[in-house]
J.: 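Here you go, one structure.
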Number of protein chains: 4
Amino acid sequence: MPPIVSDAHKENRKKEILNSAFVCFAKKGFQEATINDIVEHSGISKGAIYNYFKSKDEIYLELMSNQTVQVYENKKLELSKKKSAIEKLNFWFDAYLEMDPFLEENKAHFAIHIEFKLHASRNPELMEVLNERRHKYFVREIAEIISEGQMAGEIKQNVQPEVFADLFWSVIDGVVSQTIVYKDYPYQQTINEVKEMYLQRIMTTS
Amino acid sequence: MPPIVSDAHKENRKKEILNSAFVCFAKKGFQEATINDIVEHSGISKGAIYNYFKSKDEIYLELMSNQTVQVYENKKLELSKKKSAIEKLNFWFDAYLEMDPFLEENKAHFAIHIEFKLHASRNPELMEVLNERRHKYFVREIAEIISEGQMAGEIKQNVQPEVFADLFWSVIDGVVSQTIVYKDYPYQQTINEVKEMYLQRIMTTS
Amino acid sequence: MPPIVSDAHKENRKKEILNSAFVCFAKKGFQEATINDIVEHSGISKGAIYNYFKSKDEIYLELMSNQTVQVYENKKLELSKKKSAIEKLNFWFDAYLEMDPFLEENKAHFAIHIEFKLHASRNPELMEVLNERRHKYFVREIAEIISEGQMAGEIKQNVQPEVFADLFWSVIDGVVSQTIVYKDYPYQQTINEVKEMYLQRIMTTS
Amino acid sequence: MPPIVSDAHKENRKKEILNSAFVCFAKKGFQEATINDIVEHSGISKGAIYNYFKSKDEIYLELMSNQTVQVYENKKLELSKKKSAIEKLNFWFDAYLEMDPFLEENKAHFAIHIEFKLHASRNPELMEVLNERRHKYFVREIAEIISEGQMAGEIKQNVQPEVFADLFWSVIDGVVSQTIVYKDYPYQQTINEVKEMYLQRIMTTS
DNA sequence: CATGAATGAGATTTCATTCAT
DNA sequence: CATGAATGAAATCTCATTCAT
């Protein structure tokens, strides 16, 4: 149904393209994957793709925006049910504990994200965007939980919220990123130890 | 009378090429960097480069082999002077603490390594190679220190050497990799906290 | 019940399209200007444009036909008021003298015409059409004036009407076409000199 | 003989490409002619062409530079033999009188030049270049001759050298450009009349 | 062995035209 | 008749690799 098409349809079409692009980028990497790959995988013509996106780069960018926000929003909902700070942190750790990082789909996710960070590291403007996003969506989130916990007396006063928020994501990132290459990596054990270690370090000893 | 060139000379040329390749890959990424970039940077002709390496991929591969081993061997020497396990772990942490990860050269190092891991993640054979290398050069190294520490009574018996060795590198990797994108990242504070946390978790409490 | 649209309405739409096409072709040239440019400028949909014209080329062709005739018809009216041949030639020269060839709109006019002539020079059929038009509308016009003038004794007998008609347009064309590129070109002075020179050459010396 | 090739050979290669480009551009126009056309006509590979020119535009530009200067330098030599100003002007007129503008090769020349001017008219930087070139190579040339003639008493004092130099080229340009479209155009008669008219206007009447 | 000109497959992107609604 | 999403041929340009000298 070509013309005078609903906005919903157009959104769908964009999503179809993004989904195919995601699969292709995941399989081959951004550079290696071609527009033709996306054409073949999506069944959408080359011209149509360029009707929705100005360039291959734009597909990449939009893919990244959506993903980050999506992941974050998903968690946010469930998180609102938790009460104490430690419960919330536990929730975050458990989210990673329960996820299977060796699942092809998940590996693809990480791979694309890492690739994107790499891409960004060579592009100052993009770095700025990622920096902001990291703070707005991730660091602030954990830092606030820590502050909350300090006010409630659950977490030691000498813990700097920002630093430990950075630390939290660094550690998660470090563990997760091993799994895309090292296939016998003891993921769950490591996450568990990380959790223990992290909480032991920040919790007030009653 | 073909000009017989000494093996030493051949090794030198290979190293020149690899050095230039390193710089170029660091600056633009493996895919973006072209053979012409390497030609320009090294001053070595295109034909000559293809005399020493069968393909651009091969340059990449060899670059990675050398680098990993090199980093490891460097540390190994100094490490042999340390006596206790905790001293040795401290040494490793301090090595990262003292390094400036925002230095362009170092960032380049990490970027290339991450890119290579990504590359490998899409190539089973390469993954195998990386797996082995990680174990042989890195995991085993820390695991042995931990075992040593347990025998000496410095480290808790319930600490699984392999898991904590994996953990060690995951955490380091996680922290370091943030620095290539996030420019205000509190690197030293984070490394310090990681060190504290890690040691606090494994050391026997006297 | 297909909506029966009046012929007048259809003519109007065609004119709207042609006007927009003119602006777009003038701004970018025929090849550079796209159907989308015309769509944007006219506010008429792509499909509608193709209802009125079979192709982009057809738009171009029709545009050229109209324009030439239009310019000619405009002048024709005023010209009928002049009496003597010299007065008529003066009128033609003055028409060009009074026009500002650096006005963006006028420059566009010339540019399009020149481009079209170029286009035609590579297409024998089109050349034929232009040839005829040139004679029918332009050369004959001036040649007749000259003949008139000769009969009235105003113009020398040894002046060949056809040659000097060709000459007239060549010279005008030559002067005008400089202005589309050379911005400091002394247009009015040159036209004036041309006029002097031309009249001095053909007028009988009393 | 690919590598370590003489500069002369490289210049030749460039000329081959330019020649083929000239033919292709003349036949189809700059936009219409493709790199593939040039590849086919020259027998030189696409890659090789891009080794010598950064882009299709650059080929065009260089083609134009060369041509203009070439035409000018050719005339310059013969011109130096003429003594009086009127003789020199006669020489210029005769140069155009003797040339056959209906010869396919010559038509191509003009067509390309006109197309280039059109192209330039939409590109301010290029216009600047053309402006300069026009003055440096063409206007100044004629203006100097006129001044010379005035000092020698051959040419009227009230003739403004710059204006009549502009006029000279405008008129020539106007006449020549008719020939690319109008095939029955009385070229020689018109040039002859132009010459008469021009000289009659500027020469002192003894 | 060194050189660097030549190659050409293949990548991205554009745009006139069609046609289902 | 109007609409504008879809199409895909074709254009420009890149770059790893080869090979004659």
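In what follows, chains are A, B, ... by sequence order, proteins preceding strands, each numbered from 1.
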J.: Taking only N and O in the side chain of C/R13, is any of them less than 4.0 Å away from OP1 or OP2 of F/dC1?
T.: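 For F/dC1, OP1/OP2 do not have a side-chain N/O of C/R13 under 4.0 Å.
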J.: Rounded to the nearest angstrom, tell me the gap between atom CD1 in C/I17 and atom C1' in F/dC1.
T.: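 Computing the C/I17:CD1 to F/dC1:C1' distance gives 12 Å.
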J.: With nearest nucleotide decided by heavy atoms, which residue, B/S55 or D/Y50, maps closer to the 5′ end of DNA chain F?
T.: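 Upstream on the strand: D/Y50.
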J.: Using whole Å, what does the distance between atom P of nucleotide E/dG10 and atom CD of A/E32 come to?
T.: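 The distance from CD of A/E32 to P of E/dG10 comes to 13 Å, rounded to the nearest Å.
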J.: Note every stem involving DNA chain F: at least three consecutive Watson-Crick or G-U wobble pairs, i with j then i+1 with j-1, with both distances under 3.5 Å.
T.: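 The stems are E:2-21 with F:2-21.
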J.: Excluding sequence neighbours, so at least two apart, what forms salt bridge (Lys or Arg N to Asp or Glu O under 4.0 Å) with A/R133?
T.: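 None.
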J.: Using the side chain to side chain donor-acceptor pair (under 3.5 Å) rule, collect all pairs that involve residues 16-25 of chain A, keeping only residues at least two apart or in two chains.
T.: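 Matches after skipping sequence neighbours: A/S20-A/H41.
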J.: Measuring from D/L63:CG to D/E58:CD, what's the distance to the nearest 0.5 Å?
T.: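 If I round to the nearest 0.5 Å, the distance is 12.0 Å.
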J.: Atom OH of C/Y60 and atom C1' of E/dA16: how far apart are they, to the nearest Å?
T.: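 It works out to 17 Å between those atoms.
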J.: How close or far is atom P of F/dA11 from atom CZ of D/F25, stated in whole angstroms?
T.: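 Distance check: D/F25 CZ to F/dA11 P gives 13 Å.
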J.: Whole-Å distance between E/dA11 P and B/Q31 CD?
T.: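 In whole Å, E/dA11 P lies 12 Å from B/Q31 CD.
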J.: If the threshold is 4.0 Å, N to carboxylate O, is there a salt bridge linking A/K117 and B/E115?
T.: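 Looking at B/E115 together with A/K117, the answer is no, because their closest N to O distance does not fall below 4.0 Å.
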J.: Do side-chain atoms of A/K107 reach the backbone of A/A26 as a donor and acceptor pair under 3.5 angstrom?
T.: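 No, A/K107 side chain to A/A26 backbone: no donor-acceptor pair under 3.5 Å.
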J.: CG of C/D57 versus P of E/dC15: gap in Å, rounded?
T.: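 After rounding, the gap between these two atoms is 15 Å.
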J.: Can you pull out every salt bridge (Lys or Arg N to Asp or Glu O under 4.0 Å) where at least one residue sits in residues 23-35 of chain A? Sequence neighbours excluded, please.
T.: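 Those involving residues 23-35 of chain A are A/K28-A/D37.
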J.: May I ask you to verify if any side-chain N or O of A/Y52 is less than 4.0 angstrom from the OP1 or OP2 atom of F/dA6?
T.: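 So the side-chain polar atoms of A/Y52 do come within 4.0 Å of the phosphate oxygens OP1 or OP2 of F/dA6, strictly under.
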J.: Of all of residues 33-49 of chain D, which get a heavy atom below 4.0 angstrom from DNA chain E, listed by number?
T.: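 Close to the strand are D/S45, D/K46, D/G47, D/A48.
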J.: Do B/K56 and B/F25 meet the cation-pi criteria used here (NZ or CZ under 6.0 Å from the six-membered ring centre, within 45° of the axis)?
T.: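 Not flagged: B/K56 not positioned over aromatic ring of B/F25.
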J.: Relative to C/F53, does C/K14 satisfy both conditions: NZ or CZ under 6.0 angstrom from the six-membered ring centre, and within 45 degrees of the ring's axis?
T.: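 The answer is yes, since C/K14 meets both limits relative to C/F53.
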J.: What is the distance from NZ of C/K28 to P of E/dA16, rounded to the nearest Å?
T.: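 Value for this atom pair: 10 Å.
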J.: Are any of C/N51's side-chain N or O atoms less than 4.0 Å away from OP1 or OP2 of F/dA2?
T.: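 Checking C/N51 against F/dA2: at least one side-chain N or O falls below 4.0 Å of OP1 or OP2.
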J.: What is the separation between atom NZ on D/K56 and atom C1' on F/dA10, rounded to the nearest whole Å?
T.: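 Distance, rounded to whole Å: 12 Å.
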J.: Please identify each residue that fulfils side chain to side chain contact (heavy atoms under 4.5 Å, CB included) with A/E40, with sequence neighbours left out.
T.: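 For A/E40 there are no side chain to side chain contact (heavy atoms under 4.5 Å, CB included) partners, ignoring immediate neighbours.
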